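Counting begins at 1 with the first residue of the sequence. Atoms within each ligand, like the ligands themselves, are counted from 1 in listed order. Quick note: numbers below take in every heavy atom, side chains included, and nothing from hydrogens, waters or symmetry partners. None of these values were measured; they are calculated from a predicted model.
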Amino acid sequence: MTWSQGYVTDVDYTFGYYPELNPAMLDLACLCHGVAPPLGDKPRYLELGFGQGVSINLHAAGSDGSYWGTDFNSAHVAGARTLARVSGADIRLLEDSFEEFATRTDLPDFDAIVLHGVWSWITDAGRASVKDIVRQRLRPGGIVYVSYNCLPGWAPIAPIREMMAICRDRSRSGANGTILEARALLNELVRAGADCFRDNPLALHHLETLRRQDPAYLAHEYLNADWRLENVSALVRDLRDAKLTFLGPARLLDAVDAIQLGVDGRKLIARFDDAVMRETLRDHLVNRRFRADIFAKGPRRLTGPELREAWHELAFVLMVPAIDVPKRIPCARGEAELDAQRYDPLIEALAGGGYRAKTIDELLATPGLSDRRSEDVAEALTILAGAGLVSPARPLSVEKEARCSALNAYILGRARVSMDLQHLASPATGGGVRATHVGQLFALAHGEGEDRAEALAQYVWRFLESVGERLTKDGNRLEAKDDNLRALMPSAERFLKFDQPHLRGLRVI
Ligand SMILES: C[S@@+](CC[C@H](N)C(=O)[O-])C[C@H]1O[C@@H](n2cnc3c(N)ncnc32)[C@H](O)[C@@H]1O
């Protein structure tokens, strides 16, 4: 076995950002599960398998505290260290495998240890090392975030993965080539009328979705030597060895039954107190395929008054311009409506004052919300945060603003040559805020003093021309300069009117 232990290394991983890993979001998730938020504004934070390092870098720039991470892929470490140097954050990015990291003697005790997109794809030895790290280095009261592929949702898709694994063992084409070969073979199986797909429509549907997915993501999902599928109950048993207690989902919407479940499902869940049983039933009710959970080493459960006090200490910000808050959000049953009477005044209040962060008391003091109960506002904020539309805020400081500004200048500069980074750092949220590539180019132009929509559109056009790219409309490439400029104008106007004030409010630009 090589250093990579069968883990895919010939294709670098995607540049994803995961807001659930934000220390502020982790604290909020703990609060939602009735546990004292353990991180605060200066956590000692460890990310295992940080990939391209986008999440850890945005969190280390936007929040105080000290950040450690390890990933055995040297290319990932090199790229992630570049971001770390730029921001000047307190961050150490190591190239150790989990096995090597577990034997280090120079580590502090951590408040949080997080692994996203790692646990299901590593060897048993790797998982044993992760548990050693948690046992030895997570402080009492600290938390673990772990995401993983789960049952029952993945069960119908297991045969597709196994076909991919067989193709991997026979292919000489590298990871990308293997994915293409395996996809072609699976489609031939369908055309040959394979009973497996006839009897298993979910697998057939899944095969369709593979066509649209990035081969780099698919390689890391399907081609690693190890792939574990487990029920939440099995993981809870496994992590008991590391003295961990299950708290509940890190993705806040997953725990909101009113949004996710029908009446009968809700009745069934309501019969049980036990968190693991409730989660297992929920997973079956929505046929869940992917989980992200929070565990604690000795959680401190809060009393009712303590919970209320903790909620009142929090402040919140909108993560998108108010105009972009949708009327419906995706959920397990399709879509759930954000009732206008309940949500519109809250969105308006959050957008007020140039999007500055507001506590529940400040929100209740706004005219549209004065008749609300604080519990109702807290629940609505939880749903909006779960949908990625709101984030808990962190106190601002000169140091955080300087780190985010340096990192954002680098990311915006990189937008001239690459489209890989889709997030900017915010000292207000302590993490990342989504910014499309064109949005980044507008922000660059705006930062250089352009404040007219025509000038922003011209700026993006010059970029497109320099790299030989063009916009497309209805699937057709727009060749002429004027057509491109005309197509850019609405988004340039939108940027000036809506995105720019929002990004400014979150201290991103
Ligand atoms: C699927 S990627 C996820 C990356 C990142 N957490 C994300 O979600 O964007 C898994 C990462 O874990 C790293 N990894 C896998 N096994 C490892 C091990 N035993 N020791 C250290 N890193 C490992 C890989 O190099 C890869 O960067």
Quick note on ligand 1: atoms under 4.0 Å from a heavy atom of E99 include exactly 19 (N)

Kindly confirm or rule out an N or O of F98 lying under 3.5 angstrom from an N or O of ligand 1. yes

Heavy-atom proximity to atom 8 (O) of ligand 1, picking from H116, E95, E100, E47, points to H116

**Prompt:** At the 4.0 Å heavy-atom cut-off, does Q52 count as touching ligand 1?
**Reply:** no

Practice item. Assess whether salt bridge (Lys or Arg N to Asp or Glu O under 4.0 Å) is satisfied between R228 and D238, documenting all intermediate values. Key: CA-CA 13 Å; R228 176 147 112 167; D238 192 5; 2.9 Å; yes

task = Measure from the ring center of H59 to the ring center of Y17 and say whether it is less than 6.0 Å.
result = yes

Here the atoms of ligand 1 under 4.0 Å from any heavy atom belonging to G117 are 1 (C), 2 (S), 3 (C), 10 (C)

Filtering I122, V130, D71 for the heavy atom nearest atom 25 (O) of ligand 1 leaves D71

Honestly, for T70 the part within reach of ligand 1 (heavy atoms, under 4.0 Å) is neither

With R394 as partner, the option from N22, D27, T429 fulfilling side chain to side chain donor-acceptor pair (under 3.5 Å) is D27

S97 heavy atoms within 4.0 Å reach ligand 1 at atoms 20 (N), 21 (C)

- Dump the intermediate steps for salt bridge (Lys or Arg N to Asp or Glu O under 4.0 Å) on K42 and D90, then the final yes or no. CA-CA 11 Å; K42 281 195 179 164; D90 179 358; over 6 Å; no

For D96, state whether at least one heavy atom is located under 4.0 Å from any atom of ligand 1.
yes

Here the atoms of ligand 1 under 4.0 Å from any heavy atom belonging to H76 are 27 (O)

If we only consider heavy atoms of Y18, is any one of them less than 4.0 Å away from an atom in ligand 1?
yes

Item checked: Sub-4.0 Å heavy-atom approach of G51 to ligand 1 -> yes

Can you find an N or O of G16 that's nearer than 3.5 Å to an N or O of ligand 1?
no

Practice prompt. Name the orientation class of the two ring planes belonging to F316 and W311 (parallel below 30°, tilted from 30 to 60°, perpendicular beyond 60°).
Written response: parallel

Do D41 and K400 pass the salt bridge (Lys or Arg N to Asp or Glu O under 4.0 Å) test, and can you show the C-alpha distance, the side-chain angles, and the key distance before you say yes or no?
CA-CA 11 Å; D41 199 31; K400 285 185 211 175; 3.0 Å; yes

* Does V118 reach ligand 1 with a nitrogen or oxygen that is under 3.5 Å from one of the ligand's nitrogen or oxygen atoms? -> no

- [ ] Start with the C-alpha gap between Y148 and D293, add the side-chain angles, then the distance that decides, and say whether side-chain hydrogen bond (donor to acceptor under 3.5 Å, both in side chains) holds.
- [x] CA-CA 9 Å; Y148 55 103; D293 285 322; 2.5 Å; yes

**Prompt:** Going by the angle between their ring planes, with limits at 30° and 60°, are F495 and F442 parallel, tilted or perpendicular?
**Reply:** tilted

Check whether the ring centres of H437 and F463 lie less than 6.0 Å apart, and answer yes or no.
yes

The atoms of ligand 1 lying under 4.0 Å from a heavy atom of N73, numbered in the order shown, are 25 (O)

* Kindly determine whether D257 and R282 satisfy salt bridge (Lys or Arg N to Asp or Glu O under 4.0 Å), including the steps that lead there. => CA-CA 8 Å; D257 292 342; R282 284 179 177 132; 2.7 Å; yes

